2 protein chains.
Amino acid sequence: MYLRALTGLAEGGTTTCSSEELAATAGVNSAKLRKDLSYLGSYGTRGVGYDVEYLRYQIAREIGVTQDWPVVIVGIGNLGHALANYSGFRSRGFRVVALLDADPDRHDEVVAGLDVRSFEDLEAIVKEDAVSIGVIATPAVAAQSVADRMVAAGITSILNFAPTVLTVPDGVDVRKVDLSIELQILAYHEQRKSIAPGSEVVS
Amino acid sequence: MYLRALTGLAEGGTTTCSSEELAATAGVNSAKLRKDLSYLGSYGTRGVGYDVEYLRYQIAREIGVTQDWPVVIVGIGNLGHALANYSGFRSRGFRVVALLDADPDRHDEVVAGLDVRSFEDLEAIVKEDAVSIGVIATPAVAAQSVADRMVAAGITSILNFAPTVLTVPDGVDVRKVDLSIELQILAYHEQRKSIAPGSEVVS
DNA sequence: AGGAGTTTGTGAACGGGAGAACAAAACGGC
DNA sequence: GCCGTTTTGTTCTCCCGTTCACAAACTCCT
Ligand SMILES: NC(=O)c1ccc[n+]([C@@H]2O[C@H](COP(=O)([O-])OP(=O)(O)OC[C@H]3O[C@@H](n4cnc5c(N)ncnc54)[C@H](O)[C@@H]3O)[C@@H](O)[C@H]2O)c1
Ligand SMILES: NC(=O)c1ccc[n+]([C@@H]2O[C@H](COP(=O)([O-])OP(=O)(O)OC[C@H]3O[C@@H](n4cnc5c(N)ncnc54)[C@H](O)[C@@H]3O)[C@@H](O)[C@H]2O)c1
């Protein structure tokens, strides 16, 4: 979040900013921001603030997005198409190297300049491009088996859009994006608003 | 998450389950699950477990998804199309009532059986269908103004896909889904794996 | 009917994140 | 060169979510 805020400030021409400004831009408390940044090192100057470009680079380096990360997307349906066409990943340090789908009818397609390839090609692609991050956008029933294949092929980080709990070995990271649950959380608060007006809070 | 796990168990024919089973299905600790459920009431039976269907209904009622929530999606680009076509929302208590876009060229389109309408229709739709939940899938630059319009129209819950911090009045809930940040978190752990092998953890 | 075996519900301990507050450091003006 | 001002880095405290552990409650078998 800080990285994004800093990029925004840099684009706006700001060269220096205080923790207060940056915190406001990122939508967090300034004390928390300072503490977070202090874990990376002392990149600020007391009485002055932070150099936007310098701090941006330091955070990018810490996260590891100064290099480009190759990514494969599996399941080129509704969501897979949107992800493949999304330009924002590219500009944030990620490069989609392959689109895979189990359905042979999809293999004719070209999406975002990439051929949709057979899921069978997974191992070869992972090996060739040294891919360590995989995105799962298949139906829920297929997600676990896709994850297993990914892990076997050498992928060690998975972003899962299917509404399932994935089981993976130690050493493999999984993050899930669950849109239905997001909506349900909103619905819950919404329901409470109509029952007890004037009592609202959100994370 | 529990709701989803229970639905899965019910579809699999399970009528009764222990906190241990349910926790395993949902991917959490069983003590946490029991404590969470205890906030809703004492719906279990000691020595037996929980009645799947009964508990499922109780959680759905608590969340507020026994009724259908009308939802509007603004920004029918790559992501908006995917969301509009997604059938999973419908089955989880949400009904997309309108698709809005500022681009007149999009207004000819029919997506998922719905006309893409002008953003100007927002107020009328919100009033007519008593919409309280809005989804923002526009570019980041437009997100804040769309949010303002939504709030003015009477929407009090927003799901935001644009990579921006939204500012809204008290009483309005915002949740954001930020895919780039998810990937960056994975990249960070990935980088650390290659530096210090054998030290990994994920949320 | 009673005891053994299960499983829930919850009190207590633990851990960690978030914010308030302040000392240390840098800058600028005189 | 010194003092006031600004802002960072960090300590301390508070609070909340998570987990452990166990008594209470229920079932089933004898
Ligand atoms: N579309 C959305 O907006 C949305 C929203 C929330 C969650 N999701 C979830 O994302 C996932 C994808 O959604 P979608 O709408 O794109 O579905 P979809 O049905 O449009 O696409 C799924 C794709 O996965 C492919 N596939 C199926 N099994 C496969 C396998 N074993 N290996 C490789 N590819 C396989 C199918 O051929 C298809 O192209 C689903 O789990 C869905 O629940 C989607
Ligand atoms: N596509 C993805 O997979 C993806 C992934 C992560 C984040 N996002 C974010 O989601 C948002 C949408 O992404 P996308 O790829 O669908 O973009 P897109 O450009 O394909 O679609 C954006 C749509 O919003 C419409 N729009 C623009 N201004 C508007 C306004 N003021 N009011 C109403 N509609 C307006 C445009 O006409 C267009 O149809 C972006 O903020 C993007 O950063 C997308």
Side-chain angles (χ1 to χ4, degrees), chain A residues 1-3 5-6 9 14-59 62-63 165 174-176 178 181 184-185 188-189 192 199-203, chain B residues 1-3 5-6 9 14-59 62-63 165 170 173-176 181 185 188-189 192 199-203:
Chain A
M1 285 158 41
Y2 303 151
L3 185 57
L6 285 165
L9 287 175
T14 312
T15 61
T16 259
C17 73
S18 68
S19 63
E20 207 75 48
E21 287 174 71
L22 184 53
T25 311
V28 301
N29 180 288
S30 68
K32 172 165 158 36
L33 179 140
R34 287 199 299 278
K35 184 175 285 187
D36 287 345
L37 294 186
S38 76
Y39 287 113
L40 311 184
S42 277
Y43 296 135
T45 309
R46 297 176 187 216
V48 179
Y50 300 93
D51 182 284
V52 171
E53 195 49 47
Y54 180 64
L55 182 58
R56 204 195 62 71
Y57 175 75
Q58 292 300 335
I59 293 179
E62 181 75 20
I63 295 180
V165 177
V174 174
R175 294 194 63 88
K176 68 165 190 288
D178 197 320
I181 285 187
Q184 288 178 352
I185 292 170
Y188 172 71
H189 288 298
R192 297 196 59 133
S199 59
E200 72 293 313
V201 171
V202 89
S203 72
Chain B
M1 285 159 40
Y2 303 151
L3 185 57
L6 285 166
L9 287 176
T14 312
T15 61
T16 261
C17 72
S18 69
S19 65
E20 208 74 48
E21 287 175 71
L22 184 52
T25 312
V28 301
N29 179 292
S30 69
K32 173 165 160 28
L33 179 140
R34 287 199 299 277
K35 180 160 285 188
D36 287 346
L37 294 186
S38 76
Y39 288 113
L40 311 185
S42 276
Y43 297 136
T45 308
R46 298 177 187 213
V48 177
Y50 300 92
D51 181 285
V52 172
E53 195 49 46
Y54 180 63
L55 183 58
R56 203 195 62 71
Y57 174 75
Q58 293 298 335
I59 294 178
E62 182 75 20
I63 294 179
V165 177
D170 279 5
D173 290 334
V174 174
R175 294 194 64 88
K176 68 166 191 289
I181 286 188
I185 292 170
Y188 171 71
H189 289 297
R192 299 196 58 133
S199 59
E200 74 292 311
V201 172
V202 90
S203 70

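Below, chains carry the letters A, B, ... as their sequence lines are ordered, and counting in each starts from 1. As the structure is a prediction and not an experimental result, all values here were calculated from the model.
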Practice problem: Mind checking the CG-NZ spacing from B:N29 to B:K35? Nearest 0.5 Å is all I need. | Solution: 11.0 Å

Practice problem: Could you grab the distance from atom CG of A:L33 to atom OG of A:S19, nearest 0.5 Å is fine? | Solution: 6.0 Å

Practice problem: Give a yes/no on whether any side-chain N or O of B:K32 is located under 4.0 angstrom from OP1 or OP2 of D:dT19. | Solution: no

Practice problem: Mind listing the closest non-hydrogen atom pair of B:V28 and B:M1 along with its distance? | Solution: CG1-CE, 3.6 Å

Practice problem: Mind running a 4.0 Å heavy-atom check of residues 37-54 of chain A against DNA chain C and sending the residues that fall below it, in number order? | Solution: A:T45, A:R46, A:V48

Exercise. Please find the earliest and latest nucleotides of DNA chain C, in the 5' to 3' direction, that have an atom within less than 4.0 Å of any heavy atom of chain A.
Key: C:dA18 to C:dC27

Self-check item: Taking every non-hydrogen atom, the tightest pair across B:R34 and B:Y50
Solution: CG-OH, 3.9 Å

Self-check item: Interatomic spacing from OH in A:Y43 to CD in A:E62 - rounded to 0.5 Å
Solution: 7.0 Å

Quiz item: Step by step, would you call B:T15 with B:V52 a side chain to side chain contact (heavy atoms under 4.5 Å, CB included)?
Solution: CA-CA 5 Å; B:T15 61; B:V52 172; 5.7 Å; no

Quiz item: Taking atom P of D:dT18 as reference, at what distance in whole Å does atom CG of B:L33 sit?
Solution: 12 Å

Quiz item: Is there a donor and acceptor pair closer than 3.5 Å between the side chain of A:K35 and the base of D:dT10?
Solution: no

Quiz item: Under 4.0 Å: is that the gap between some side-chain N or O of B:N29 and OP1 or OP2 of D:dC20?
Solution: yes

Quiz item: Taking CG from B:D36 and C1' from D:dC16, how many angstroms apart are they, rounded to a whole number?
Solution: 13 Å

Exercise. Search all heavy atoms of A:Q184 against all heavy atoms of B:I63 and return the closest pair with its distance.
Key: O-CG2, 3.5 Å

Self-check item: Heavy-atom pair with the smallest gap, counting every atom of B:E21 and B:C17
Solution: OE2-CA, 3.7 Å

